[in-house]
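This report refers to the structure that appears directly beneath it.
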Amino acid sequence: MDQRNAAQPGSPAWIGASVDGPRLLLAVFLAALAVRFSNVLAIAVVDGWTFMIQDSPLYYAIVDDWRATGRMMRIEPEGGLFWEFERPPLYPMLLWGLESLWGRSDMAVALVQGLLDAATCVMIADAARRLGPRIGALAGLLAVLSPVMVTTSAVVVGDTLFLFLQMVGVWALIRFAETGRPGAAVLAGLGFGLACATRVQIQYLLPLLALLVVVLAVRAEGPRARRAGAAILFALAMAAPLAPILKASHDAYGEAFISRQAGVHILGWVLPKVHPDTATLPHDEASRRWNRRFKDAMVRRGVDPDAVSPPVLQRLRQEYGVSALTEVPIGALLLGWSQGAVLNVTLPAILYDERVRALSPQGFSTVEGDSLPERVAAYVADADPTWVAIAVAAAVGAGAMTLLHLLGLGLLLRWRPWIALLLILGAGYHLGVLGPVAAAKYRLPVEPVLLVLSAVAIDWLLQRLAGRGPRRR
């Protein structure tokens, strides 16, 4: 392949682009490690900075429960901590393993997550190299400096582990598309299966991924038996990490499930934001109101929510929540989902950093207003001036990045429509599952897509500035 042509977004092939990339990938890894470790050390030495956020204590509570009982897969822990409905077990397992080595150390967790995140940056760069060597380098640089990746890797939550495992699956899937090797299919299956054992939002995507592997196996070269075996191995590898969770839930409740979060998600997050009765209320108050309504409805049906098993309770929540959603006008639902998607890809990630959030103690979820702009205006009016200055600068940067995302998407739609479609579907899945729930941290699963789009746009702009347009066919 012509190396000069392979470097262009418009070159005729994307799979197998020949690039001498080991030094690039090593540089990306070391740079990412330096940025993340520097951030961890800064948090460790500055008084008042912390590795903990709101969800962090729950993960440690799960570890404490496992240690107290000696049963990692226990389904009915004392104290009402039904972890399998809120958090799958893989991240608590990581915490337990690290604690057995170094004791309970938030800093150790952050350092290990920084290592995983640096590896994620390498996989993003290597995947993007298929679009051209400069695009791979730019995507790697953007990943190294990604605010949402850097800030999330330094707090005790499972999102960084999830992104790492998801990228393992994506990277190995690309390798399988290139080579058709069963080993790549196995690695891809393990990556996606372990990602689901970390965060269940990916669970509905797994059947589609299995179908994609079947299509790739059919189109691959080589003996038919090897191609069929690769597809089967992918499915088995993807199911292997989930099998213990499914067995534990079936043994306890007679049902096999990974997690039952849909009811909590609808009642606590979706309905408060889209239903006309609560859309203008502060989120915390709206969420409490919907939970009270659910309990009142169950009492009228003669059901005691505290007396039923967790799977039944979650099913009842889901049924009630879906019924309430049918009362919401289609226009309001579309507005809520669209608004959530836009906010999740445009909110400045730096505002998620606990050091920045500490400058404005009032939570956004407590702010009242008849519309999102009114709530934002009310929040900013009462915020600390330093926070406002950071927010304005971050908003300008986020706006510029959004323009790059759109430009990169437009270029890919022209040059690589199938790749653009796959990126849209991957990002659209995560944004669709989140619905109207929006925060900078929720962008993390789609951050690789956004980084690649930005890299495509920057590469094109650099070529234009150099006085030569990209070659197209």
Side-chain angles (χ1 to χ4, degrees), residues 1-2 4-17 19 123-143 146 148 166-167 169-171 173-174 176-178 205 208-209 211-212 215-216 219 334 337-347 397-434 442-473:
M1 180 181 294
D2 188 315
R4 183 183 59 183
N5 194 42
Q8 305 297 335
S11 59
W14 72 276
I15 290 181
V19 179
M123 289 185 284
I124 292 171
D126 194 45
R129 284 195 307 136
R130 273 69 179 179
L131 292 168
R134 286 191 304 273
I135 293 175
L138 288 167
L141 176 62
L142 292 172
S146 168
V148 69
Q166 178 181 258
M167 275 308 303
V170 170
W171 180 85
L173 197 58
I174 293 173
F176 177 68
E178 291 175 334
L205 190 60
L208 297 178
L209 290 169
L211 179 61
L212 176 60
V215 172
L216 292 174
R219 294 174 59 87
L334 292 175
W337 254 256
S338 301
Q339 199 173 69
V342 170
L343 289 175
N344 277 321
V345 298
T346 59
L347 281 174
M401 292 303 296
T402 300
L403 293 177
L404 289 176
H405 301 156
L406 294 174
L407 175 59
L409 179 59
L411 294 171
L412 271 187
L413 284 170
R414 289 174 54 197
W415 296 330
R416 299 285 188 273
W418 284 107
I419 297 176
L421 178 61
L422 288 174
L423 293 179
I424 291 171
L425 291 175
Y429 169 83
H430 286 293
L431 296 174
V433 169
L434 288 169
Y442 295 134
R443 179 164 71 248
L444 197 63
V446 303
E447 183 72 354
V449 172
L450 301 178
L451 295 175
V452 171
L453 294 179
S454 298
V456 170
I458 294 172
D459 180 58
W460 181 82
L461 290 171
L462 290 175
Q463 292 183 59
R464 299 282 290 186
L465 290 173
R468 55 187 178 88
R471 297 172 60 176
R472 300 185 294 276
R473 291 196 177 184

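The chain is numbered in sequence order, starting from 1. Below, all heavy atoms of this structure are taken into account, side chains as well, without hydrogens, waters or symmetry copies.
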Between the CG atom in Leu450 and the NE2 atom in His405, the distance rounded to the nearest 0.5 Å is 4.5 Å

One should read off an interatomic distance between Leu412 CG and Leu407 CG, to the nearest 0.5 angstrom, of 10.0 Å

To the nearest 0.5 Å, atom CG of Leu413 lies from atom CG of Leu409 at 4.5 Å

When every non-hydrogen atom of Val345 is compared with those of Arg443, the smallest separation belongs to CA-CD, 3.7 Å

- Query: Under the 3.5 angstrom rule, does the side chain of Trp337 hit a backbone N or O of Gly432 as a donor-acceptor pair?
  - Reply: yes

*Would you find a donor on one side and an acceptor on the other, under 3.5 Å apart, between the side chain of Glu447 and the backbone of Val148?*
no

Distance col, row Ser454:OG vs Leu406:CG, nearest 0.5 angstrom, shows 9.5 Å

Q: Would you check if Leu216 and Leu173 make a side-chain contact, meaning some heavy-atom pair closer than 4.5 Å?
A: yes

Result for side-chain contact (heavy atoms from CB on, under 4.5 Å) between Ile124 and one of Val449, Val170, Leu142, Leu451 points to Leu451

Sorted by chain and residue number, the side-chain hydrogen bond (donor to acceptor under 3.5 Å, both in side chains) partners of Trp171 (sequence neighbours excluded) come out as Asp126

Interatomic distance, OG1@Thr346 vs CE@Met401, rounded to 0.5 Å, equals 12.5 Å

Here the pair of heavy atoms bringing Leu444 nearest to Pro448 is O-CD, 3.6 Å

Residues 418-429, side-chain donor-acceptor partners within the protein, below 3.5 Å, at least two apart:
from, atom 1, to, atom 2, distance (Å)
Tyr429, OH, Gln201, O, 2.4
Tyr429, OH, Tyr204, N, 3.2
Tyr429, OH, Leu205, N, 3.4

message: I'd like to check Leu461 versus Leu404 (side-chain heavy atoms, cut-off strictly below 4.5 Å). Are they in contact?
response: yes

Distance col, row His430:NE2 vs Asn344:CG, nearest 0.5 angstrom, shows 12.0 Å

Between Ala139 and Ala455, the two heavy atoms sitting closest are N-CB, 3.6 Å

